[in-house]
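Following: one structure in structure tokens, then a few remarks.
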Amino acid sequence: MKIIKVKQNSQEVDRICARGVAPTEEIHQKVKKILEDVRTGGMAKAVEYAQKFDGLQGKKLSVSESQIAKLADKVSPTLAKALRQAIKNAVAFHQHELNDLKGFSFQGKNGEVLGQRIRPMRRVGLYVPGGAAVYPSTVIMNAVPALVAGVDEIVVTTPAKDGIHPSVAFVLRELGISEVYHIGGAQAIALLAYGAKGVEPVDKIVGPGNVFAAIAKKEVFGVVDIDMIAGPSEILVLADSSADPDFVAADLLSQAEHGSGFEAALCITDNMDTAKMISECVDEQVERSLKKELLEKVLENFGRILVVKDWFDGVAIANRIAPEHLEIMTREAEELSQSIVNAGAVFIGPWSSEPVGDYFAGPDHVLPTNGTARFSSPLGVYDFVKRMSVIQYSQKAILKNGKAIAEMANTEGFFHHAQAVLKRL
Ligand SMILES: NC(=O)c1ccc[n+]([C@@H]2O[C@H](COP(=O)([O-])OP(=O)(O)OC[C@H]3O[C@@H](n4cnc5c(N)ncnc54)[C@H](O)[C@@H]3O)[C@@H](O)[C@H]2O)c1
Ligand SMILES: N[C@H](CO)Cc1c[nH]c[nH+]1
Ligand SMILES: [Zn+2]
């Protein structure tokens, strides 16, 4: 793995900050055409694309409850136990988010009541990727916050080349999700956003995906809401000489293996010897891997060990990179973590390996990528609710403030706004 000495504004850091799949004009046009085709051509077009790209056999996108149940029964007892526990952990974590979603109301000086109410969305679409891998964990991470928020209708789309995987079916059944369509990519996003015969459009689409799903989500924003851009997975490990190089290497490769080829596996260290040991461990693990070719491609693009002169520079660079996952394996890991402001999730200390978060700990694994952690948050209950303002004016309050309101309205040239208030005085 390449080792590079860097400062905060080095070219290599700029290149990493500009990472991500830069979609070509060709991909953009392709996504737009698929969206438009499904919007105008409806179910027939959606089926055609799902057959072409998503391994759909036959003409039916919807997966029936009995199919889900049959597949779910195939899951081994040990996997069933693990998935059930992962669901429990995710529910427990997301329930804490409700503490910040209570709304409020207060009474003003003239008896007026003002407030904010929180309401769940009615119908949401969850995109569960399925091109290069199978993602039962992503069903959990997409669906649990929606369920905790109290969303009425949850729709899942997933490509699944070889049909819905039993583990995915198991999680769907455990969570009571029965509206499922075998479709992926831009065509799935179009189906969710525009609807088609037998499929009602949703209010919001969430979930990670490859470049086709991500661009399609951006394109339909406005017709529906979207969560964020959650693209190819990324990890940045901060490691000093106390870190176990074998752990660091393993964690870097955990995200490099996701399969799109555009993942990022980065490390920052303040020690050249540590850099060399980590690099050797990565090379050894890659050499032994069944995914050697894929890992080499990812590491060539965005696999780097950056050596900094001190942690002041290290933290500044980490905050510029704003990775999806940030692991800290340094002596004062918790203290250092306090300086991190841009990351999807922070994993502190040697035992907090990234896959603990991918599968089990409880916090969501749908996280902002490509540096969007500068302004986006992990998927959470807050993504599935809306805030609604409440204004309950009293007669005393309108008598006190009516003239001021009318004056503002008249200044804007809105005579009828002014009249509506003045009539009440
Ligand atoms: N950030 C997160 O929270 C998070 C979580 C899980 C996975 N991920 C990422 O999600 C991505 C999943 O990607 P994936 O490919 O496995 O699954 P995917 O479901 O996102 O994409 C597969 C679909 O893309 C479409 N597609 C592929 N090639 C196409 C082409 N040439 N033309 C038109 N459409 C095409 C097809 O519809 C196909 O079914 C990975 O990069 C992974 O790292 C991110
Ligand atoms: N690391 C991914 C998020 O970037 C989530 C995931 C699911 N399965 C394995 N990993
Ligand atoms: Zn992962």
Side-chain angles (χ1 to χ4, degrees), residues 20-21 23-24 26-35 37-38 46 48-56 61 83 86 126-142 156-162 165 167-168 171 181-191 206-217 227-236 251-265 294 298 302 323-327 343-345 347 353-361 363-370 372-373 376-379:
V21 199
T24 57
E26 193 191 335
I27 294 183
H28 252 121
Q29 289 313 325
K30 195 169 192 180
V31 167
K32 280 190 179 167
K33 177 163 171 19
I34 295 172
L35 291 173
D37 280 354
V38 176
E48 197 183 307
Y49 278 121
Q51 288 170 335
K52 184 171 172 188
F53 292 122
D54 306 325
L56 177 74
L61 290 184
L83 290 169
L126 314 182
Y127 186 86
V128 176
V134 177
Y135 285 103
S137 59
T138 305
V139 182
I140 298 175
M141 299 297 178
N142 271 334
V156 166
T157 63
T158 187
K161 261 184 276 162
D162 306 313
H165 193 269
S167 60
V168 168
V171 174
Y181 300 99
H182 182 154
I183 185 169
Q187 53 278 13
I189 303 300
L191 181 75
V206 307
N210 69 6
V211 63
F212 294 94
I215 296 179
K217 270 169 69 182
D227 51 348
M228 69 184 97
I229 301 305
S233 305
E234 309 169 348
I235 183 167
L236 167 60
D251 292 1
L252 289 171
L253 296 184
S254 79
Q255 295 313 284
E257 78 166 330
H258 265 282
S260 76
F262 293 98
E263 286 71 19
L294 167 70
V298 172
F302 290 109
E324 180 191 17
H325 308 101
L326 182 98
E327 282 188 5
F347 296 72
S353 176
E354 196 280 347
V356 172
D358 274 356
Y359 293 108
F360 215 68
D364 217 275
H365 84 201
V366 180
L367 297 165
T369 59
N370 291 2
T372 58
S376 286
S377 309
L379 192 69

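Order of appearance sets the numbers: ligands from 1, and atoms from 1 within every ligand. Excluded from the calculations below are hydrogen atoms, water molecules and symmetry mates; all remaining heavy atoms, backbone and side chain alike, are included.
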Review point. How far is atom 31 (N) of ligand 1 from its nearest protein heavy atom, and which residue and atom name does that atom have?
Key: Lys30 NZ, 3.5 Å

Practice item. Verify the distance test for His365 against the Zn ion (ligand 3): any N/O/S atom under 2.8 Å, yes or no. Key: no

Revision key, fill the gap. Per-atom filter on ligand 1: closer than 4.0 angstrom to a heavy atom of Pro159 are 19 (O), 39 (O)

Exercise for review: Work out which heavy atom in Ala190 is nearest to a heavy atom in Leu35; give both atom names and the distance.
Suggested key: CB-CD2, 3.7 Å

Point to revise | Numbered atoms of ligand 1 (with element) below 4.0 Å of Ser260, judged on heavy atoms | key: 41 (O)

Study note, to complete from the structure: On a heavy-atom basis, the closest approach of Ala188 and Tyr127 is CB-CE1, 3.9 Å

Exercise for review: Could you find the nearest protein heavy atom to atom 16 (O) of ligand 1 and give me its residue, atom name and distance?
Suggested key: Ala132 N, 2.7 Å

Point to revise | Residue and atom name of the nearest protein heavy atom (relative to atom 12 (C) of ligand 1), distance in Å to one decimal | key: Pro129 CB, 3.6 Å

Check your understanding: What is the minimum heavy-atom distance between Pro208 and Val366, and which atoms define it?
Key -> CD-CG2, 3.9 Å

Practice item. For residues Gly344 and Leu367, report the shortest heavy-atom separation together with the two atoms involved. Key: O-CD2, 3.7 Å

Check your understanding: Any idea which atoms of ligand 1 are less than 4.0 Å away from a heavy-atom of Gly130?
Key -> 17 (O), 18 (P), 19 (O)

Practice item. Check each of His258, Glu263, His182, Met141 against atom 41 (O) of ligand 1 and report the one with the nearest heavy atom. Key: Glu263

Study note, to complete from the structure: The atoms of ligand 1 lying under 4.0 Å from a heavy atom of Leu367, numbered in the order shown, are 1 (N), 3 (O)

Review point. Rounded to the nearest 0.5 Å, how far apart are CG of Leu56 and OH of Tyr49?
Key: 15.0 Å

Exercise for review: May I ask you to identify the nearest protein heavy atom to atom 42 (C) of ligand 1, giving residue, atom name and distance to one decimal place in Å?
Suggested key: Tyr135 OH, 3.7 Å

Check your understanding: Taking Glu263 for the side chain and Gly261 for the main chain, is one N or O donor matched with an acceptor at less than 3.5 Å?
Key -> yes

Review point. Would one find an N or O of Gly131, backbone or side chain, under 3.5 Å from an N or O of ligand 1?
Key: yes

Review point. Taking the minimum heavy-atom distance to atom 23 (C) of ligand 1, which of Asn210, Thr157, Leu379 ranks first?
Key: Asn210

Review point. Do any nitrogen or oxygen atoms of Ile34 lie less than 3.5 angstrom from nitrogen or oxygen atoms of ligand 1?
Key: no

Exercise for review: Check whether any N or O atom of Val128, backbone or side chain, sits under 3.5 Å from an N or O atom of ligand 1, and answer yes or no.
Suggested key: no

Revision key, fill the gap. In short, Leu61 meets Ala50 closest at the heavy-atom pair CD2-CB, 3.7 Å

Practice item. If you have a sec, work out which protein heavy atom is nearest atom 39 (O) of ligand 1 and how many Å separate them, to one decimal? Key: Asp54 OD1, 2.4 Å

Check your understanding: atom 1 (N) of ligand 1: which protein heavy atom is closest, and how many Å away?
Key -> Glu324 OE2, 3.0 Å

Study note, to complete from the structure: If you scan protein heavy atoms around atom 29 (C) of ligand 1, the nearest is Phe212 CE1, 3.3 Å

**Study point:** Any N or O of Thr369 closer than 3.5 Å to N or O of ligand 1
**Key:** no

Check your understanding: Side chains of His258 and Asp358: does their closest heavy-atom pair fall under 4.5 Å?
Key -> yes

Exercise for review: Return the name of the atom in Asp358, of element N, O or S, nearest to the Zn ion (ligand 3).
Suggested key: OD2

Review point. By ring pair (Phe, Tyr, Trp, His ring centres under 6.0 Å), which residues pair with His182, not counting sequence neighbours?
Key: none

**Study point:** Contact (N/O only, under 3.5 Å) between Ala213 and ligand 1
**Key:** no

Exercise for review: To the nearest 0.5 Å, tell me how far Lys52 NZ sits from Ile34 CD1.
Suggested key: 7.5 Å

Point to revise | Nitrogen or oxygen of Thr138 less than 3.5 angstrom from that of ligand 1 | key: no

**Study point:** Interfacing atoms of ligand 1 (cut-off 4.0 Å, heavy-atom, Gly209)
**Key:** 10 (O), 11 (C), 20 (O)

Review point. Considering all heavy atoms of both residues, which atom of Pro159 and which atom of Pro129 are nearest to each other, and what is their separation?
Key: CD-C, 4.1 Å

Point to revise | Matching residue for Val128 among Val134, Val156, Thr157, Ile140 - test: side chain to side chain contact (heavy atoms under 4.5 Å, CB included) | key: Val156

Exercise for review: Would you mind checking which non-hydrogen protein atom is closest to atom 4 (C) of ligand 1, with the distance to 0.1 Å?
Suggested key: Pro208 CB, 3.2 Å

Check your understanding: Does Asp227 reach the side chain of Lys217, with side-chain heavy atoms less than 4.5 Å apart?
Key -> yes

Exercise for review: List every atom of ligand 1 that sits less than 4.0 Å from any heavy atom of Gly231, numbering the atoms from 1 in the order shown and giving each element.
Suggested key: 1 (N), 8 (N), 9 (C), 44 (C)

Review point. What are the atoms of ligand 1, with element, lying closer than 4.0 Å to any heavy atom of His365?
Key: 2 (C), 3 (O)

Practice item. Check Phe53 against ligand 1 and report side chain, backbone, both or neither, counting heavy atoms closer than 4.0 Å. Key: both

Check your understanding: Considering only heavy atoms of Gly184, which atoms of ligand 1 have at least one such atom less than 4.0 Å away?
Key -> 37 (O)

**Study point:** Given Glu234, Met228, His325, the one that forms side chain to side chain contact (heavy atoms under 4.5 Å, CB included) with Thr369
**Key:** Glu234

Check your understanding: Any non-hydrogen atom of Gln187 lying under 4.0 Å from ligand 1?
Key -> yes

Practice item. Answer with yes or no whether Tyr127 contacts ligand 1, where contact means a heavy atom under 4.0 Å from a ligand atom. Key: yes

Point to revise | Close-range residues for ligand 2, whose non-hydrogen atoms fall below the 4.0 Å threshold | key: Tyr135, Ser137, Ser233, Gln255, His258, Glu324, His325, Glu354, Asp358, Tyr359, His365

